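These numbers come from a predicted model, not from an experiment.
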Amino acid sequence: EDFTLVTFPENQYISYLDYFLWNMTSEELAMGSNKTFGPAGAEDDEDFFGPRYISLDPAQDSINFISPLSYYDYDSNMIKATQVKYIDVADARIFPDQELLIVKPDARLKTLQKAKIIANRTTKFHTLYNGIITINGRNSYYGSAEYDYYDELDQKQVIHFKSVQAEPGEYTV
């Protein structure tokens, strides 16, 4: 086949990959794909290169992301996904700092620091930054972030939101 279905049982994720490089000394597997996998059903301006990683955990409702190059650490059983432009959760688009996502052995994503959030993905009306965000699944996240508010004199005031989250109706509050 052109690619191989790879299952990560410890992480409860799957992906289709065609590139592997095993560093036996560091016990780390570099993996990726040279094929294009654009965002499913999204109306984006750019193409993404690399495989899509999909959670098999039923509680996460198939949350997924694209990472051209990821590393599997055999010591910690973590997937370190690089070059992750964003991850869509509920109505928001979340941009991880330094384009790095880490999938822990229990299928959970490591809490993001300094994340940017655009809500909602259609209108792109609100941009929050410096977010500390925990993603629970495709329709669930929570954390805190900052927002720049401009008054009628165009003076900026930074508002710190102690709570930013996706409500059960799948919208950000």
Side-chain angles (χ1 to χ4, degrees), residues 2-8 11-21 28-57 60-73 76 78-104 107-148 161 164-166 170-173:
D2 290 344
F3 50 84
T4 302
L5 172 64
V6 178
T7 303
F8 302 93
N11 309 85
Q12 299 178 49
Y13 267 73
I14 62 167
S15 188
Y16 290 93
L17 305 168
D18 68 358
Y19 169 82
F20 302 93
L21 180 64
E28 188 174 75
L29 177 69
M31 54 199 170
S33 176
N34 295 318
K35 296 179 182 29
T36 302
F37 297 88
E43 57 285 334
D44 291 295
D45 299 329
E46 55 187 311
D47 287 328
F48 291 92
F49 295 92
R52 181 178 302 277
Y53 291 80
I54 305 166
S55 174
L56 298 176
D57 183 344
Q60 292 184 340
D61 198 21
S62 300
I63 191 163
N64 62 85
F65 58 87
I66 295 172
S67 174
L69 181 61
S70 294
Y71 300 90
Y72 186 79
D73 185 322
S76 64
M78 290 195 291
I79 300 171
K80 298 173 185 175
T82 67
Q83 302 172 43
V84 178
K85 301 296 182 193
Y86 60 79
I87 184 168
D88 288 339
V89 183
D91 69 335
R93 180 157 286 166
I94 300 174
F95 299 82
D97 185 46
Q98 298 181 18
E99 299 182 346
L100 177 67
L101 276 179
I102 296 177
V103 181
K104 298 190 289 186
R108 304 290 173 237
L109 295 171
K110 184 175 178 186
T111 297
L112 301 176
Q113 306 290 322
K114 298 181 184 178
K116 181 173 96 172
I117 305 164
I118 294 181
N120 67 33
R121 289 191 307 272
T122 305
T123 64
K124 301 177 183 172
F125 193 69
H126 300 289
T127 300
L128 295 96
Y129 60 95
N130 286 337
I132 299 172
I133 304 299
T134 300
I135 299 171
N136 293 322
R138 190 168 67 166
N139 296 309
S140 175
Y141 76 93
Y142 67 91
S144 62
E146 295 178 342
Y147 181 80
D148 290 340
F161 286 95
V164 176
Q165 65 186 27
E170 301 179 13
Y171 56 90
T172 298
V173 294

Taking the side chain as every heavy atom from C-beta outward, state whether [X] and [Y] have any pair of such atoms under 4.5 Å apart.
X: Q60; Y: L109; result: no
X: F65; Y: I135; result: no
X: L112; Y: F95; result: no
X: D57; Y: R108; result: yes

Notebook entry, point to check: Hey, is NZ on K104 packed in by over 12 heavy atoms from elsewhere, all under 6.0 Å?
Noted result: yes
Is the backbone N or O of [Y] less than 3.5 Å from a side-chain atom of [X], with the two atoms forming a donor-acceptor pair by type?
X: T134; Y: T111; result: no
X: R121; Y: A90; result: yes
X: R93; Y: D88; result: no
X: D91; Y: T172; result: yes
X: S67; Y: V84; result: no

Next item on the list: Kindly indicate, with the supporting measurements, whether the criterion side-chain contact (heavy atoms from CB on, under 4.5 Å) is fulfilled by V173 and Q165.
Entry: CA-CA 6 Å; V173 294; Q165 65 186 27; 3.9 Å; yes
Rounded to the nearest 0.5 Å, what's the gap from [atom1] on [X] to [atom2] on [Y]? Could you check?
X: R52; Y: N64; atom1: CZ; atom2: CG; result: 4.5 Å
X: L56; Y: Y13; atom1: CG; atom2: OH; result: 9.0 Å
X: D73; Y: K80; atom1: CG; atom2: NZ; result: 4.5 Å
X: D97; Y: Q113; atom1: CG; atom2: CD; result: 9.0 Å
X: Y86; Y: E99; atom1: OH; atom2: CD; result: 12.0 Å
X: S144; Y: I133; atom1: OG; atom2: CD1; result: 6.5 Å

Identify the two heavy atoms, one from [X] and one from [Y], that lie closest to each other, and give their separation to 0.1 Å.
X: L69; Y: A30; answer: CD1-CB, 4.3 Å
X: A81; Y: S70; answer: CA-OG, 3.4 Å
X: L17; Y: P51; answer: CD2-CG, 3.3 Å

Item checked: Results of side-chain contact (heavy atoms from CB on, under 4.5 Å) for S62 - residues two or more places apart only ->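 Testing S62 for side-chain contact (heavy atoms from CB on, under 4.5 Å), a comparison that skips the adjacent residues, returns I54.
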Result block: side-chain N/O donor-acceptor pairs under 3.5 angstrom for residues 125-132, not counting sequence neighbours:
| from | atom 1 | to | atom 2 | distance (Å) |
| --- | --- | --- | --- | --- |
| H126 | ND1 | Y147 | OH | 3.2 |
| Y129 | OH | D148 | OD1 | 2.5 |
| N130 | ND2 | E146 | OE1 | 3.0 |

Check: Can K124 and I118 be said to form a side-chain contact (heavy atoms from CB on, under 4.5 Å), step by step?
Finding: CA-CA 6 Å; K124 301 177 183 172; I118 294 181; 3.9 Å; yes
Next item on the list: Verify side-chain contact (heavy atoms from CB on, under 4.5 Å) between L101 and Y53, making sure each step is shown before the conclusion.
Entry: CA-CA 11 Å; L101 276 179; Y53 291 80; over 6 Å; no
Note to self: Out of the candidates T4, D18, I79, only one should pair with M31 under the side chain to side chain contact (heavy atoms under 4.5 Å, CB included) rule; please name it.
What the structure shows: I79
Checklist line | Verdict with reasoning, S33 to Y16, per side-chain contact (heavy atoms from CB on, under 4.5 Å) | finding: CA-CA 8 Å; S33 176; Y16 290 93; over 6 Å; no
